[in-house]
Amino acid sequence: MRQPGRYSGFMMHGGISGRTGPHSLPLARIKKIMKKSGEDVKMISGEAPIVFSKACELFIEELTRRSWMTTLEGKRRTLHKDDVASAVVGTDIFDFLVSLVSDSCHSEDITPEEKEALGGS
C-alpha cells in the first residue's frame with residue numbers, strides 16, 4: 001500500500017493548487033488528450049484533468065531537475081535538448097521516452113507538437 005507522501009491529501013485542502021483559479025496547464029487540452037487515449041473513454045469528471053495537470057507539472061519538474069544536473073555536469077548554464085535526452089536515457093522511469101529522444105527516432109514518427117517540444121524544426 002502506498003504510504004502518505006508529500007502530495008497525499010491534496011484534494012482535501014482546496015484542490016491540487018489550493019485554489020480554484022487558473023491552472024498552469026490548459027485543462028481543456030488535457031481533457032482532449034485523455035479522450036483521444038481510447039475509444040472507450042467517453043466521460044471524464046471535472047476533477048480528473050486537474051489531477052492530470054498536477055501530475056504533468058510534477059513530471060516536468062522532475063525531468064527538468066535531472067536534465068539540469070546534466071547541464072551542470074557539462075559546465076553550462078543553458079539546458080539543451082541533449083540534456084533532456086541524457087536524463088531520459090539515464091533514468092529507468094523515463095524508459096518510455098527513449099525512442100522519442102534517441103537519434104534513431106524517425107521524424108515521421110514524431111508529431112509536429114513533439115518536434116516543437118524537442119526543439120526541432
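All values below were derived from every heavy atom in this structure, side-chain atoms included, with hydrogens, water molecules and symmetry-related copies excluded.
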Run the side chain to side chain donor-acceptor pair (under 3.5 Å) test against Thr70 and tell me which residues pass, sequence neighbours left out. none
So, taking the atom named OG in Ser67 and the one named CG in Leu72, what distance separates them when rounded to the nearest 0.5 Å? 11.0 Å
Under 3.5 Å donor-acceptor pairs involving side-chain atoms of residues 32-44, not counting sequence neighbours:
unit_1	atom_1	unit_2	atom_2	d
Ser37	OG	Met34	O	2.6
Lys42	NZ	Glu39	O	2.9

Parallel under 30°, tilted from 30 to 60°, perpendicular over 60°: which one fits the rings of Phe59 and Phe94? perpendicular
Hydrophobic clusters here meaning ILVMFWY residues chained together by side-chain heavy-atom distances under 4.5 Å, can you tell me if Leu100 and Ile60 are in one? yes
So, Ser86 side chain and Asp82 main chain: donor-acceptor pair closer than 3.5 Å or not? yes
Minimal heavy-atom distance between Cys56 and Leu25, with the atoms involved, is CB-CD1, 3.3 Å
Give every residue pair that meets the salt bridge (Lys or Arg N to Asp or Glu O under 4.0 Å) criterion with at least one member in residues 66-79, sequence neighbours excluded. Glu62-Arg66, Arg76-Asp83
What ring-ring contact (aromatic ring centres under 6.0 Å, His included) pairs are there with at least one residue in residues 67-87, not counting sequence neighbours? none
Supply the atom-to-atom distance Lys31 NZ to Ile50 CD1, rounded to the nearest 0.5 angstrom. 10.0 Å
Is the shortest heavy-atom distance from the side chain of Val98 to the side chain of Val88 under 4.5 Å? yes
Linking I/L/V/M/F/W/Y whenever their side-chain heavy atoms sit closer than 4.5 Å, directly or via other members, would Leu63 and Ile93 fall into one cluster? yes
